[in-house]
Amino acid sequence: QVQLVESGGGLVQAGGSLRLSCAASGRTFSSLAMGWFRRAPGKEREFVAAISLTGRRTYYTDSVKGRFTISRDNAKNALYLQMNSLKPEDTAVYYCAAELSVVPGNVDYEYNYWGQGTQVTVSS
């Protein structure tokens, strides 16, 4: 089993920044591909970003490219999402997810473990 706990969400004005963190436990973190997803009010959960086991490869949905950066620290069992130039449409609950795979996917059913989510609200 893998336990994932997100933190770092909050309320920020448009154009501001937030850094989300995800603490992992229960399995060797470096054996897990990791991703971030989000669910906006009234919408389906969607892929945001993913990162390979070593952090060498990263993947983003088009709407966040150039604004968000995913990273990981395998020594600290931690995943991060640096979010800059935030927009009101980024408002959502953000979820950390772990996949038992070498290459991370971009659809939620590929992921095996999920955190409880952290709320990000961007005001205009």
Where the side chain of [X] meets the backbone of [Y], is there a donor-acceptor pair that is under 3.5 Å apart?
X    : Y    : answer
N84  : S17  : no
T118 : G9   : yes
T54  : R56  : yes
E6   : G117 : yes

Contact summary for [X] and [Y], nearest pair of heavy atoms:
X    : Y    : result
A98  : L32  : CB-CD1, 4.1 Å
Q119 : A92  : NE2-O, 3.5 Å
Q116 : V5   : OE1-CA, 3.8 Å
A50  : G105 : CB-O, 4.0 Å
S124 : P88  : CB-CG, 3.8 Å
V102 : A33  : O-CB, 4.3 Å

Report yes or no: is the cationic atom of R72 (NZ for Lys, CZ for Arg) under 6.0 Å from the centre of the six-membered ring of F29, at an angle within 45° of the ring normal?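 The answer is yes, since R72 meets both limits relative to F29.
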
For a side-chain contact (heavy atoms from CB on, under 4.5 Å) check, start with the C-alpha distance between L18 and L86, then their side-chain angles and the critical distance, and finish with the verdict. CA-CA 8 Å; L18 281 175; L86 282 161; 4.2 Å; yes

Who are the salt bridge (charged side-chain N to carboxylate O under 4.0 Å, His left out) partners of K65, not counting sequence neighbours?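 Salt bridge (charged side-chain N to carboxylate O under 4.0 Å, His left out) list for K65, sorted by chain: D62.
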
Can you hop from [X] to [Y] via hydrophobic side chains spaced under 4.5 Å?
X    : Y   : result
W36  : I51 : yes
F68  : V12 : yes
V64  : F47 : no
Y111 : L4  : no

Pairwise salt bridge (Lys or Arg N to Asp or Glu O under 4.0 Å) hits with a residue in residues 106-124, at least two apart: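 Only R45-D108 qualify under salt bridge (Lys or Arg N to Asp or Glu O under 4.0 Å).
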
Do [X] and [Y] come within less than 4.5 Å of each other through their side chains, counting heavy atoms only?
X    : Y    : value
Q1   : Y113 : yes
N106 : T61  : no
M83  : V120 : yes

Nearest 0.5 Å, what's the [atom1]-[atom2] distance between [X] and [Y]?
X    : Y   : atom1 : atom2 : result
D73  : S21 : CG    : OG    : 10.5 Å
L100 : S31 : CG    : OG    : 7.0 Å
M34  : L81 : CE    : CG    : 11.5 Å
T69  : R19 : OG1   : CZ    : 10.5 Å

Pick from Y59, Y80, Y60: which one makes a side-chain contact (heavy atoms from CB on, under 4.5 Å) with I70?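 The side-chain contact (heavy atoms from CB on, under 4.5 Å) with I70 is passed solely by Y60 among Y59, Y80, Y60.
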
L79 and C96: CA distance, side-chain angles, deciding distance, side-chain contact (heavy atoms from CB on, under 4.5 Å) verdict: CA-CA 8 Å; L79 175 73; C96 166; 3.8 Å; yes

May I ask you to check whether F37 and W114 place their ring centres under 6.0 Å from each other?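 That pair passes the under 6.0 Å test.
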
Scan for side chain to side chain donor-acceptor pair (under 3.5 Å) pairs involving residues 87-103, sequence neighbours excluded, and state none if there are none.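 Found R38-D90, R38-Y94, R67-D90.
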
